[in-house]
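Atom set for the values below is all heavy atoms of this structure, side chains included, hydrogens, waters and symmetry mates excluded. In what follows, chains carry the letters A, B, and so on, assigned in the order in which the sequence lines appear, proteins first and then strands, with residues in each chain numbered from 1. Predicted model, so just to flag it, every value in this text is computed and none were measured.
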Amino acid sequence: MVNLVAKSPCAALLPLSAGNVTLTEQHPDALTSVAPFAEKEVEVSASLTVTHGVAYPAVNHAVGKDGARAIWFGQGQAMVMGGKVSDDLVQLAAVTDQSDAWAVMRLQGASSADVLARLVPVDLRSSVFAEGDTVRTELQHMMASITCVGTDCFDIMVMRSFAKTAVHDLHAAMKSVAALSI
Amino acid sequence: MRLTCPLCGERDRREFYYKGDAIALNRPAPDAGTDAWDDYLYLRDNPAGVTKDLWQHELGCSAWIVVERNTVTHEVLSTALASDVKKATK
Amino acid sequence: MRFSAWQVLKNGLTGNKGWTPHWRSPEPKKEYDIIIIGGGGHGLSTAYHLAAVYGNANVAVLEKGYIGGGNVGRNTTIVRANYFLDGNSQFYSHSLKLWEKMEGDLNFNAMHSQRGIINLFHSDGQRDAAARRGNMMISQGDDAILLDREGVREQVPFLDFEQTRFPIYGGLYHKRGGTARHDAVAWGYARGADQRGVDIIQNCEVTGIDIENGAVTGVQTTKGPIKAKKVGMVAAGRSGQVAAMAGMRLPIESNILQAFVTEGLKPCLDHVVTYGMGHFYISQSDKGGLVFGGDLDFYASYASRGNLSTAEHVIEAGMALMPMIGKAKMLRSWGGIMDMTPDGSPIIDKTDIDGLYVDCGWNYGGFKAVPASGDCFAHLLATGRPHDVAKKFRLDRFRTGVDILDEEGKGSQHNLH
Amino acid sequence: MRVTGKGLINRDKQISFSFDGKSYNGFEGDTIASALLANDVRLMARSFKYHRPRGPLTAGSEEPNALMTLHSGARQTPNVRATAQEIFSGLEVRSQNNWPNLERDVMSVNDMFSNFLSAGFYYKTFMWPRAFWEKLYEPIIRRAAGLGALSGLHDEDMNEKAYAFCDVLVIGSGPAGLMAALTAARSGADVILAEDDSRFGGRLLSEVEDVDGKPGHLWVDDVIAELSAMDNVRLMKRTSIVGAYDQGTYGAVERVSGHLRGAHADAPLEVFWRISAKQSVLAAGALERPVAFPMNDRPGIMTASAVRSYLNRWGVAPGKRVAVFGNNDDAHRTARDLAAAGVEVAALIDSRPDSGPSGDFPILTGAEVIDTKGRLGLKQITVRTNAGMQTISADCLAMSGGWNPSVHLTCHMNGRPVWDDKLLSFVPKDGAIPGMTVAGAAQGVMSTAGALQSGLEAAKTALAAVDAKVADVTAPQAEDAAYNIAPLWQVSGKGRAWLDFQNDVTTKDVKQAAAENYQSVEHMKRYTTQGMATDQGKNSNVGALAVLADATGRGIPETGTTTFRPPFTPVAMATLGAGARGAGFAPQRFITSHDMTVKAGAPMIEAGLWYRPSYYPEKGELTWRESTDREVNMVRNHVGITDVSTLGKIDVQGPDAGAFLDFVYTNMFSTLKVGRVRYGLMLREDGFVMDDGTTARLGENHYVMTTTTAGAGEVMKHLEFVHQCLVPDMDVQFISVTEQWAQFAVAGPKSRVLLNRILDSEIDNDSWPFMACGDVSMGGVQGRLFRISFSGEHAYEVAIPSRYGEALYAALLEEAKALDGGSYGMEALNVLRIEKGFITHSEIHGRINAFDIGMERMISAKKDCIGKTSAARPGQVAQDRDRLVGLKPVTPSQKLMAGAHFYNVGAEATRENDQGYITSVCYSPTMKSYLALGFVKNGPNRMGEKIRMVDALRGVETLCEICHPVFMDQEGEKTRG
């Protein structure tokens with residue numbers, strides 16, 4: 001039998017740090033896109049509560065914690081991070097394995113919002129974007145999902161093939177913010 | 001320019017894709033005839049003033065949005081999900 | 001007054017007190033043979049050609065503001081004949097030939113400068129498309145040279161050949177392409193038309209088009225009604241509003257195209273360079289400013305001003321291609337209102353209303369067309385028949401699907417160009 | 001000359017810099033201009049057209065004269081305002097637009113011929129003979145044009161962009177701005193205070209006056225200290241707000257390290273900010289205008305406010321004997337400040353007849369300056385008084401023509417300012433920028449007390465708009481003098497009177513333009529170049545307008561005004577284009593096999609944002625053709641693998657998935673059996689082909705669609721449009737799975753053999769016939785297998801979750817090599833598909849419909865679909881359209897060229913005779929011939945006909961035969977085998 005070795009999207013790229021900010025790769029057990037079929041959102045939510053202990057997230061919100069989190073991921077779509085969803089969910093929603101489709105990075109540190117302000121056209125300062133808030137937006141022309149998962153702590157998702165560019169851009173912003181705070 | 005996505009809230013224009021006049025919602029029947037299709041696809045009121053057009057929050061939630069706005073002042077009067085607008089016109 | 005070095009010398013010696021108006025400011029007559037709605041480049045060129053070529057000077061140009069205040073005075077001044085489709089190719093070829101003799105005809109120096117245009121390409125596929133275009137240009141009798149990467153480097157060595165995101169494979173070099181002083185084109189045609197008897201009436205807005213029994217009889221204006229046997233609508237950017245006065249809808253949406261200029265700099269760029277991957281084109285004016293532009297703002301607008309994200313994108317493309325311009329400072333930006341047609345090509349045609357004609361839909365390419373558009377529209381107005389080189393610019397081509405002129409291959413739906 | 005005891009500079013920190021190779025000293029806080037003036041250097045530049053000697057006119061970023069070049073090599077920066085650039089140790093500054101040097105500039109000969117270079121002279125000459133324009137006249141004109149020079153080298157400095165958000169953006173930090181910021185901040189609003197200057201305070205830094213009982217600049221320090229301690233305030237100095245855009249978007253340039261020596265290597269030179277503000281307060285102050293009197297342009301002549309700035313802020317007397325000329329009370333204030341500082345005031349010349357005594361210096365009322373002398377710097381002025389002429393020696397003249405409120409930003413959204421007859425200037429139109437309130441001098445409020453109060457009120461307006469409670473704030477005590485001004489637009493006399501100093505536009509030019517009927521203000525501007533210099537007319541437009549109004553017998557309001565457009569102050573291209581150098585222009589996308597492929601030596605080529613291998617050179621192969629031929633033969637005879645992960649893959653799920661696909665594809669998908677794949681053609685609504693690809697049915701309600709690499713984004717958008725806007729009731733969902741799966745084509749007669757060495761359970765032709773699909777397992781990992789072919793060979797595409805992409809590629813490659821196979825690149829892929837007549841975006845290039853590519857029968861008659869109606873328009877089904885054919889040279893070794901056109905044999909190669917063109921060419925090692933796909937008029941009905949291919953660009957002409965586009969295995973036996 002052929003032996004296939006897995007490689008994560010940011011392998012050999014992360015971790016990095018500059019100033020008070022660090023960038024690391026996250027390795028959730030699974031990423032599952034759940035897009036409820038017509039009028040099935042309540043039932044989908046019930047199913048997720050059973051498997052992941054989280055409800056289907058409201059618009060612009062993420063629920064849960066590391067290990068089991070459901071992130072609103074756009075119109076009619078949630079990204080479930082963590083273990084596998086129920087097999088029965090396919091009756092209620094378009095269920096798509098996205099475990100390999102996204103690079104998940106964590107940006108953490110006092111100046112992390114300043115770093116993101118160089119790349120993201122949305123206000124992510126803690127006064128307006130707190131734990132449990134999420135946005136679909138762009139990160140330097142790349143589609144991104146950004147979730148606040150704690151104080152000065154963000155999970156950033158870009159599509160896997162963009163990982164190298166995203167890491168490069170984030171690192172450049174981290175270095176510049178660090179240089180300016182000297 | 002900033003547009004308010006009914007889902008994501010106010011966002012910079014750079015996140016949106018523009019399609020054009022919201023007449024695009026009103027696709028004629030295949031047998032509606034040449035005039036109807038010419039009106040639908042090509043001829044435009046092109047108003048200098050309030051218009052409704054279609055945008056997609058491409059780099060956001062992917063929702064298609066009907067934007068009511070003024071082409072002279074760029075004032076945005078309202079936004080709504082295109083799917084809601086379409087369902088309501090049926 | 002005929003302009004010459006002698007006149008400049010004579011007036012210089014006498015305190016420049018002898019200069020006279022370049023055109024009159026007459027009150028409108030009660031009636032004209034032909035009324036041109038719109039005193040932009042195309043309208044003035046039409047009037048000039050009617051008087052100078054087609055023998056009809058009983059013509060008025062009605063301009064709601066000041067002449068040349070629209071797109072002819074707000075563009076990146078590029079003049080070229082490098083089209084690929086049958087229908088466009090012969091028209092722009094004709095236009096370039098008219099450019100080449102314009103200054104002599106008009107006795108007005110529009111500073112038409114054939115400094116050469118290089119259209120860069122960035123892949124094998126783009127090279128093939130460029131070759132297809134270049135071969136068409138040659139078969140039309142125009143000039144084209146296919147440069148490889150080193151050929152491009154010889155002409156414009158300061159481009160980023162090493163690191164740029166989309167490498168330069170080569171370029172299509174059109175030596176007779178170039179630039180001109182945009183305002184001077186409007187003024188030159190205005191002066192030429194005026195000298196031949198055309199009335200140019202500024203601050204005269206058309207408020208209505210009079211139609212009786214399916215035929216045009218004149219127009220209503222802020223200076224009163226004026227009768228006319230024929231009316232030509234040449235109001236790029238406002239074509240839809242003017243046509244609406246005649247109860248017509250056009251296949252046009254108005255979009256903003258921004259243009260930019262930097263502070264004056266010593267000569268550093270001899271050609272016009274266009275960067276397809278980045279939607280960016282640039283040249284240096286005789287005053288020293290780098291004049292550049294990019295893609296549309298991409299939404300219906302009459303605001304004559306641009307969007308910041310588009311401006312940023314244009315300049316990012318410039319920096320990607322030509323990093324030597326980094327220390328130049330952008331001085332001014334402005335936005336013109338473009339008549340955008342579904343296929344990106346213009347319309348010169350009669351309408352369903354007798355005596356009412358339309359010249360519109362120049363998209364973002366109207367400047368270079370000013371001479372031929374005027375000639376062809378004048379031909380149509382004077383004879384009722386389309387000029388040979390403008391036969392395919394039909395108003396009903398989207399309806400019939402015949403000779404759709406999608407030069408860029410982006411489609412023939414609105415907002416794809 | 002430095003004045004002891006004056007100025008806000010740090011006299012403890014001396015800084016040495018050089019100007020035109022000569023070393024000078026200044027202090028921390030100096031600009032180049034203040035430091036040079038302190039060293040008694042007045043001559044700093046030459047004007048644009050006449051190369052007139054010039055010194056600074058102003059003390060701010062609006063400076064039209066004192067433009068200089070900083071640095072050398074790649075950092076060379078032209079057109080830097082000496083009046084705004086801070087000095088730092090080692091700064092290297094050069095004058096520009098002169099030769100051989102600033103003092104003796106040969107081009108100043110233009111000045112002697114100025115009568116022949118009047119407004120618009122170039123439109124009237126240089127036309128004969130025609131060919132001389134490009135060859136002679138234009139090069140001369142061009143060489144003379146421009147101010148500074150670029151280095152011609154790549155700009156390697158780092159710049160950056162960023163976003164900021166606030167409730168209230170305060171623009172300007174003079175009394176009005178500070179008061180507005182303080183009020184908003186104390187009220188709890190989220191505030192950004194942006195100041196163009198290197199120091200907060202605006203005119204309070206340049207005037208001698210008290211605020212709240214203490215010197216103005218100390219009050220500024222107190223306010224800034226309070227603001228900087230607040231979390232809800234962001235202070236941004238050295239930050240110019242350069243543009244006002246829709247919905248409260250502002251562009252801003254922050255100068256981060258250009259004033260520093262040895263800034264941190266990671267620190268950007270400048271940051272371009274996009275600020276989104278719910279409300280803004282424009283407190284940008286006002287600019288003093290010069291007076292158009294004869295010979296008003298000599299070094300040493302500057303605005304009175306500039307003289308006070310140099311004196312009070314920088315402790316510099318711009319002359320030893322200073323005269324002051326004005327039409328308003330600021331002239332008096334200037335003379336008083338100078339006298340109080342111990343600078344000799346030669347005379348105060350007030351154009352008003354009735355202004356009283358002012359201080360201990362001579363005052364001439366009802367008087368005007370009508371001439372000046374001094375070739376490289378002012379030496380003497382001539383004054384016309386009621387009593388007659390008087391010459392006065394002076395080396396500096398402060399002129400005050402009144403103040404122009406800084407309305408510029410209010411014009412950025414087409415708002416035209418309105419004329420105020422009392423202020424004799426334009427003031428902003430109310431509501432010109434939605435959400436912006438104008439305060440202080442920018443609104444025409446000229447006293448300090450008035451500005452403070454106005455700033456407070458503006459903040460209240462802004463706070464009310466964002467529903468914030470207003471804290472109890474009162475404006476401090478300050479100067480509250482009335483602003484007295486009398487009209488003085490031009491002074492008659494013999495010499496030229498400059499309006500636009502940089503562009504050398506004089507009152508005569510404006511009058512001449514009017515005489516030539518360039519009477520619209522826009523015509524005058526464009527004809528004379530008035531207001532088109534680097535200050536965008538900030539210093540000159542109002543004066544020029546007044547002169548034009550006078551020349552045309554109209555009032556100023558009737559004459560109108562030109563508008564100000566973004567940017568407020570010129571912005572470096574590198575700043576606006578920050579981040580776009582090199583790879584930064586667009587994100588890069590990498591396939592999982594990228595690293596291995598690069599290691600194998602394959603040149604990578606761009607495919608949209610992706611990179612794909614071109615070919616895999618092996619030892620001894622000298623050209624890409626050799627490698628490609630080998631790879632083609634390898635696939636045809638053995639097996640090849642290539643990464644096809646870049647193709648778009650879209651998961652389509654839901655009860656209506658089949659019906660939806662029927663609507664977006666021309667052909668039927670609801671009838672496709674589970675476990676089967678079908679080729680689909682997708683049209684735009686205009687009837688032209690948008691994209692093509694295969695779609696597999698994985699389950700009853702589950703399909704996966706493939707798109708071309710280039711079309712992936714567009715197709716996704718299209719599906720979402722069709723669903724949300726046309727058929728929202730259809731219960732269907734789309735998710736891109738392009739990134740989830742790494743996918744590899746395995747093609748060639750040995751493809752199944754190879755796969756069976758990888759798959760956990762073997763497949764055969766029965767279990768996996770042509771166009772079958774389904775799940776497979778590889779090394780215990782679940783993947784997908786599709787039996788499809790883009791090469792005409794027995795072939796598959798195998799997909800695996802991306803984390804295993806590289807590993808699977810390595811495994812496939814190893815097994816392929818064992819079977820005499822290997823990797824093949826895009827070049828070989830292209831040959832394989834041309835031999836088989838498969839189309840790509842080279843063929844479906846946007847102008848092509850289904851009929852043109854012979855696929856009209858794929859438009860199902862049984863149902864409606866997007867584009868169906870348009871595709872049936874009469875012009876779209878005409879026989880003589882350019883239609884897809886194959887082409888082969890009559891002599892196989894003769895070259896075909898992509899981009900060549902066709903002409904009938906015997907016909908001339910002219911546009912009128914054009915018969916079509918080639919879209920794709922390859923050399924086929926299989927057929928031992930060049931092959932091409934192309935479009936020929938009525939092509940399918942001309943099979944076997946000979947036709948001339950002409951590539952005039954590259955001088956190639958080949959006689960071809962029109963043939964079927966499928967060159968080999970038309971029955972598809974190999975594919976099915």
Side-chain angles (χ1 to χ4, degrees), chain C residues 3 5 8 12 16 19 21-23 66 69 89 103 108-109 113-114 125 128 131-132 134-135 138-140 146 158 163 165-166 183-184 263-268 286-288 308 312 315-316 318-320 323-334 400-402 406 409-413, chain D residues 77 79 115-116 118 121 123-127 134 138 141-142 145-147 149-150 152 154-155 245 251 512 515-517 520 522-523 526 534 565-566 570-574 576-577 580-583 585-586 606 684 686 688 842 845-847 873-876 898-899 901 909-911 917 952-953:
Chain C
F3 292 150
V8 171
N16 286 305
W19 298 113
H22 289 191
W23 54 83
Y66 57 94
S89 182
E103 289 152 329
F108 202 85
N109 187 354
S113 164
Q114 295 186 290
D128 295 348
R132 201 152 80 214
N135 277 316
I138 291 171
S139 74
Q140 172 58 36
L146 197 69
F158 42 78
Q163 305 167 46
R165 175 69 177 81
F166 301 103
D183 291 321
E263 296 178 351
L265 298 157
K266 293 295 172 198
C268 59
D286 286 341
K287 268 193 76 197
L308 182 56
E312 286 180 48
I315 295 164
E316 285 171 10
M319 284 303 295
M324 72 128 177
I325 61 177
K327 302 294 189 205
K329 294 191 215 47
M330 196 259 274
L331 174 63
R332 200 163 54 240
S333 64
W334 62 96
T400 61
V402 177
D406 174 13
K410 289 185 182 170
S412 64
Q413 271 174 249
Chain D
T77 312
N79 301 351
N115 270 349
F116 310 110
S118 66
F121 75 96
Y123 300 124
K124 300 166 183 164
T125 182
F126 301 132
M127 286 180 272
E134 275 94 2
E138 189 182 36
I141 289 176
R142 287 196 69 198
L147 291 166
L150 294 175
H154 295 347
D155 182 359
Y245 300 89
Q512 185 196 324
E516 296 185 279
N517 206 7
S520 148
E522 280 286 348
H523 283 160
R526 290 153 183 263
T534 58
R565 298 194 179 274
V571 183
M573 298 286 282
L576 275 162
R581 282 292 319 276
F585 178 53
E606 291 72 19
R684 281 192 309 261
D686 63 9
F688 294 99
S842 296
H845 54 56
R847 312 170 191 87
R873 286 173 294 175
Q876 294 295 302
H901 285 243
T910 61
R911 192 233 339 134
Y917 52 87
L953 276 174

Pick whichever of [options] has the most heavy-atom pairs under 4.5 Å with chain D.
{"options": "C/Gln163, C/Glu312, C/Gln140", "answer": "C/Glu312"}
{"options": "C/Ser89, C/Ala131, C/Ser139", "answer": "C/Ser139"}
{"options": "C/Ser412, C/Pro267, C/Ala184, C/Gly318", "answer": "C/Ser412"}

(message) Holding to salt bridge (Lys or Arg N to Asp or Glu O under 4.0 Å), I want the full list of residues that pass it with D/Arg684, two or more places apart in sequence or in another chain.
(response)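 Residues passing salt bridge (Lys or Arg N to Asp or Glu O under 4.0 Å) with D/Arg684: D/Asp686.
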(message) If the condition is salt bridge (Lys or Arg N to Asp or Glu O under 4.0 Å), which residues does C/Lys410 pass it with, not counting sequence neighbours?
(response)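 With neighbours one apart ignored, the set is C/Glu408.
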(message) Under a 4.5 Å cutoff for heavy-atom pairs, which residue among D/His845, D/Arg526, D/Glu606 has the most contacts with chain C?
(response)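 So the answer, after comparing D/His845, D/Arg526, D/Glu606, is D/Arg526.
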(message) Heavy-atom pairs under 4.5 Å with chain C: which of D/Arg873, D/Arg581, D/Lys124, D/Glu522 has the most?
(response)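 Heavy-atom pair counts peak at D/Lys124.
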(request) Using non-hydrogen atoms and a 4.5 Å limit, figure out which bit of D/Tyr917 sits close to chain C: side chain, backbone, both or neither. (result)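 Just its side chain gets close to chain C.
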(request) Answer with side chain, backbone, both or neither: which region of D/Ala909 has an atom nearer than 4.5 Å to a non-hydrogen atom of chain C? (result)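 Contact with chain C: backbone only.
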(message) Can you tell me how the ring of D/Tyr123 sits relative to the ring of C/Phe108, calling it parallel under 30°, perpendicular over 60° and tilted otherwise?
(response)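 Ring orientation, 0 to 90° scale: parallel.
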Please name the pair of heavy atoms, one in [X] and one in [Y], separated by the smallest distance, quoted to 0.1 Å.
{"X": "D/Arg847", "Y": "C/Asp406", "value": "NE-O, 2.7 Å"}
{"X": "D/Gly251", "Y": "C/Leu308", "value": "CA-CD2, 4.1 Å"}
{"X": "D/Leu147", "Y": "C/Lys266", "value": "O-CE, 3.3 Å"}
{"X": "C/Lys329", "Y": "D/Pro570", "value": "CB-CB, 3.6 Å"}
{"X": "D/Thr77", "Y": "C/Lys327", "value": "OG1-CD, 3.6 Å"}
{"X": "D/His901", "Y": "C/Asn135", "value": "CD2-CB, 3.4 Å"}

(request) Any chance you could measure C/Leu146, atom CG, to D/Leu953, atom CG, to the nearest 0.5 Å? (result)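 The CG atom of D/Leu953 is 5.5 Å from CG of C/Leu146, to the nearest 0.5 Å.
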(message) So, taking the atom named NE2 in C/His22 and the one named NE2 in D/His523, what distance separates them when rounded to the nearest 0.5 Å?
(response)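 One gets 11.5 Å once the value is rounded to the nearest 0.5 Å.
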(message) What part of C/Leu265 gets within 4.5 angstrom of chain D, counting heavy atoms only: side chain, backbone, both, or neither?
(response)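 Backbone plus side chain of C/Leu265, per the 4.5 Å heavy-atom cut-off to chain D.
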(request) Measure distances from C/Asn16 to the heavy atoms of chain D and classify the residue's part below 4.5 Å as side chain, backbone, both or neither. (result)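 Interface part for C/Asn16: both.
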